[in-house]
Amino acid sequence: MSQSGNTLLQRNRDPYLRIKILIGIVLSGVFLFPIIWMIFVSVKPEDMSITDPLNWFLPPYTLSNYASVMAESDVLLWLFNSAFVGFATTIITLIVTSLAAFAISKIKFRFRRSIFLFFLAGMMVPGEATIIPLFEIVKSMNLLDSYTALILPMTASPIGVIILKSFFDGVPDELMESAKIDGCSHWRLYWNIVLPLAKPALGAIAIFTFIGSWNNFLWPFLAIVSEELYTLPIGIPSFNSTYSTTYMLPMTVNAIASLPVIIAFLIFEKQIVKGVSFTGIKG
Amino acid sequence: MKNQMWRNDLLAGMFLLPFFLIYVVFTIFPIFKGLQMSFYDWSLIEQGAFAGFSQYTALFTDPGFWQSLWNTTLFVILSTPGMIILALVLALLANINAGPKLRTFLRGSYFIPSILSVSVISYIAIFMLQPYSGIVNNMLNTFGYEGQVYWLANPALAWLSIVGVTLWWTVGFNFILFLTSLQNIPDMFYEAAEIDGATRWQMFKNITLPQLIPISRVIFLLQVLASFKVFAQILLITDGGPGKSTRPLIQYIYEMGFEQYDLGYAAAMSYVLFFILLIFSVIQIRSGGQGRMI
């Protein structure tokens, strides 16, 4: 990237560098503080009452909250549901969007442009504003309160098609032609040649689809009634709202819900950051 | 020749079919279904009588609708400037020349709240902001303030809390967009300016800021679109209260549809929201929003 020259250039000259580093670190403390606090509260003895701020962070520590939360709530089930729905949504999204993008980019058929514009139009449909009729439609299909309801409506992502199409457009037609001469069918072109070349785009879409599904609140809130289908965003309030003065169990549930994504973030930070700047999609 | 054309059409159809079906049923059809519903009395159980424009006319005289629409607008007004300015400041800080380790750390810590679930951040906020036992009040007391701030019991403080929490939670997305575009400014611009003897401030004012204008426009529009959809964190943190003073439009739509069982009216209000969001979407796509990546 372009930073190395920048570095050389400015290092000699920035008189405020130390102050900027200090402000940067203080602000990072502000951003991390609630998360760190949550984790400390989750390891404090359940019945402790705390008024001195420092005591939130000082010993004694215990892991017993984790045991009680797993016994008293279905947090592991919500975790499983969120993960299952997230992975299923991501895989189906990748399959259907890449198939559609391949057709638009690489097969010369009639109405190609109209179909693409029809998909483009979907980018302008705000899901939140069509959620009431979506509820009615899913209800009339007898799909409410099922995994299918949580997964399927979230998989037709027009942005996914657009990003993948632009990626596939970059695969030279000569490569396609020579593969065709070698007797490759369209299916094999799609699977063996085009898809592997689009890995970065597929990765970005996968990350976004998964985070979107993991954090989706409104749709599961409407579509799910049975407790055994709760995802984390729905399950957490159902448990936490029954507590108001004891902090330890709600924060333990929060921590159990957050640690997997925090770990995943630390592992995939580079890809996630790239994904955000690549797609520009907001959560 | 004609045969080949048909074969291509068929082949393309097979590739398109799965996406097409899901897209039509769950994205396109709801637009028309919603329009139909907004013209009927429609309960949670069944479709009622044709209602003409009555839901739309009712909406104009419904103070609940106007207040929740205003609350959503107020949230957009209160949160957008911070969402952009703070994101820019964070991006400038995370782009300082202090070694890759520190930069990675700063980038990670500014972004990490964005990946947490809305339910998690809401309950962190609720518990941190509690009177008497919450850590925010604990700290205020330690620093000499004697008394309790009831953060969620007073409309102004409730708004401050909601906007502050949302800022902390989601500013990371805008921050990453600014950071990427800062790092994409070609070095030669700065090198040339340095040869001309420009000061750091002049470089910032005449190179950095102008180079960030296109991305700022994108961020602004994406932010307005996202903020107009505000719902979950308000529902969880204040439940629209105190009173109805923070209840956003989507919460009112939800209450009308699923607590008052008036889905027709909820659909009519959704249509108003649909058009507001559509206007911003069109502006955004026209101004080259996501198009820049295509």
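By convention in this document, chain letters (A, B, ...) are assigned in the order of the sequence lines, proteins followed by strands, and residues within each chain are numbered from 1. Remember, it's a predicted structure, so these values are computed and weren't measured experimentally.
- For Phe29(B), the parts lying near chain A are the backbone and the side chain together; criterion is any non-hydrogen pair under 4.5 Å.
- Atom CD1 of Ile211(A) is separated from atom OG of Ser117(B) by 12.0 Å, given to the nearest 0.5 angstrom.
- Residue contact with chain A, scored on non-hydrogen atoms closer than 4.5 Å, involves the side chain of Leu235(B) exclusively.
- Heavy atoms closer than 4.5 Å to chain A are found in the side chain of Leu86(B), but not in its backbone.
- Per-residue heavy-atom pair counts under 4.5 Å with chain B were compared for Leu222(A), Ile25(A), Ile262(A), and the maximum is reached by Leu222(A).
- Below 30°, between 30° and 60°, or above 60°: for Phe19(B) and Phe119(A) the angle between ring planes is above 60°, a perpendicular geometry.
- Atom CG of residue Leu277(B) and atom CD of residue Glu128(A) lie 7.5 Å apart, to the nearest 0.5 angstrom.
- Residues Pro18(B) and Leu99(A) have side chains in contact (heavy-atom distance under 4.5 Å, counting atoms from C-beta outward).
- You'll find the side chain of Val41(A) stays beyond 4.5 Å of the side chain of Phe127(B), heavy atoms only.
- Partners of Gln233(B) under the side-chain hydrogen bond (donor to acceptor under 3.5 Å, both in side chains) rule, at least two apart in sequence or in another chain, are Thr166(B).
- Each of Ser157(A), Ala257(A), Gly235(A) has some count of heavy-atom pairs under 4.5 Å with chain B, and the biggest count is that of Ser157(A).
- Using a 4.5 Å cut-off between heavy atoms, Val272(B) makes no contact with chain A at all.
- Ala121(A) approaches Tyr23(B) most closely through the heavy-atom pair C-OH, 4.0 Å.
- Using a 4.5 Å heavy-atom cutoff, the side chains of Pro30(B) and Ile137(A) are in contact.
- For Leu93(B), the part lying under 4.5 angstrom from a heavy atom of chain A is the side chain only.
- Residue contact with chain A, scored on non-hydrogen atoms closer than 4.5 Å, involves the side chain of Ile28(B) exclusively.
- With a threshold of 4.5 angstrom between heavy atoms, Thr104(B) approaches chain A through its backbone and through its side chain.
- Only the side chain of Thr142(B) comes within less than 4.5 Å of a heavy atom of chain A; its backbone N, CA, C and O stay farther away.
- In terms of heavy-atom pairs under 4.5 Å with chain B, the best-connected choice from Ser258(A), Pro34(A), Ala100(A), Ala103(A) is Pro34(A).
- Of all heavy-atom pairs between Met124(A) and Leu278(B), the closest is O-CD1, 3.7 Å.
- Contact record, Trp37(A) with Ile124(B): CZ3-O, 4.1 Å, taken as the closest heavy-atom pair.
- To the nearest 0.5 Å, atoms CE (Met5(B)) and NZ (Lys108(A)) are separated by 14.0 Å.
- Looking at Ser119(B), its side chain does come within 3.5 Å of a backbone N or O of Pro233(A) through a donor-acceptor pair.
- The contact between Phe274(B) and chain A is made by backbone and side chain atoms together, counting heavy-atom distances below 4.5 Å.
- With a 4.5 Å cut-off on side-chain heavy atoms, Phe31(A) and Phe175(B) do not count as touching.
- In this structure a side-chain-to-backbone donor-acceptor pair under 3.5 Å is missing from Asp9(B) to Phe109(A).
- Residue contact with chain A, scored on non-hydrogen atoms closer than 4.5 Å, involves the side chain of Met37(B) exclusively.
- Counting only heavy atoms from C-beta outward, the side chains of Met38(A) and Met128(B) never approach each other to under 4.5 Å.
- If you measure heavy-atom distances from Met154(A) to chain B, you find no contacts under 4.5 Å at all.
- Taking every heavy atom of both residues into account, Gly24(A) and Leu106(B) meet most closely at O-CD2, 3.3 Å.
- Residue Ile104(A) comes nearest to Leu16(B) through the heavy atom pair CG1-CD2, 4.1 Å, listed as atom of the first residue, atom of the second, then distance.
- Below 30°, between 30° and 60°, or above 60°: for Phe20(B) and Phe118(A) the angle between ring planes is between 30° and 60°, a tilted geometry.
- For Leu236(B), the part lying near chain A is the side chain, with the backbone staying farther off; criterion is any non-hydrogen pair under 4.5 Å.
- Arg110(A) places none of its side-chain heavy atoms less than 4.5 Å from the side chain of Asn8(B).
- Using a 4.5 Å cut-off between heavy atoms, Val253(A) does not touch chain B at all.
- Contacts of Phe280(B) with chain A are absent, with no heavy-atom separation under 4.5 Å from either backbone or side chain.
- When each of Val161(A), Asp169(A), Leu232(A) is scored by its heavy-atom pairs under 4.5 Å with chain B, the top score falls to Val161(A).
- Side-chain contact between Glu269(A) and Phe111(B): absent, with no pair of heavy atoms (C-beta onward) separated by less than 4.5 Å.
- With rounding to the nearest 0.5 Å, the separation of CG in Asp239(B) from OG in Ser241(A) is 10.5 Å.
- For a residue to count as touching a neighbouring chain, one of its non-hydrogen atoms must lie under 4.5 Å from one of that chain's; by this rule Leu90(B) touches chain A with the side chain only.
- Note that CG of Leu263(B) is 5.5 Å distant from CD1 of Ile132(A), once rounded to the nearest 0.5 Å.
- Distance CD1/Ile115(B) to CG/Asn215(A): 8.5 Å, rounded to 0.5 Å.
- The minimum heavy-atom distance between Trp168(B) and Val30(A), with the atom names listed, is NE1-O, 4.3 Å.
- Residues Phe105(B) and Leu32(A) form a side-chain contact, since some pair of their non-hydrogen atoms from C-beta on lies under 4.5 Å apart.
- For the set Ala125(B), Ser181(B), Gly108(B), Ser122(B), the entry with the most heavy-atom pairs within less than 4.5 Å of chain A is Gly108(B).
- Within the 3.5 Å criterion, the main-chain N or O of Gly134(B) finds a donor-acceptor partner in the side chain of Tyr247(A).
- By the salt bridge (Lys or Arg N to Asp or Glu O under 4.0 Å) test, Lys106(A) is found to be paired with Asp173(A), residues two or more places apart in sequence or in another chain being considered.
- For the set Val125(A), Ile272(A), Leu266(A), the entry with the most heavy-atom pairs within less than 4.5 Å of chain B is Val125(A).
- With chain A as the partner, the residue from Ile176(B), Leu273(B), Ile135(B) showing the most heavy-atom pairs under 4.5 Å is Ile135(B).
- Between Phe135(A) and Phe258(B), the distance separating the two ring centers is shorter than 6.0 angstrom.
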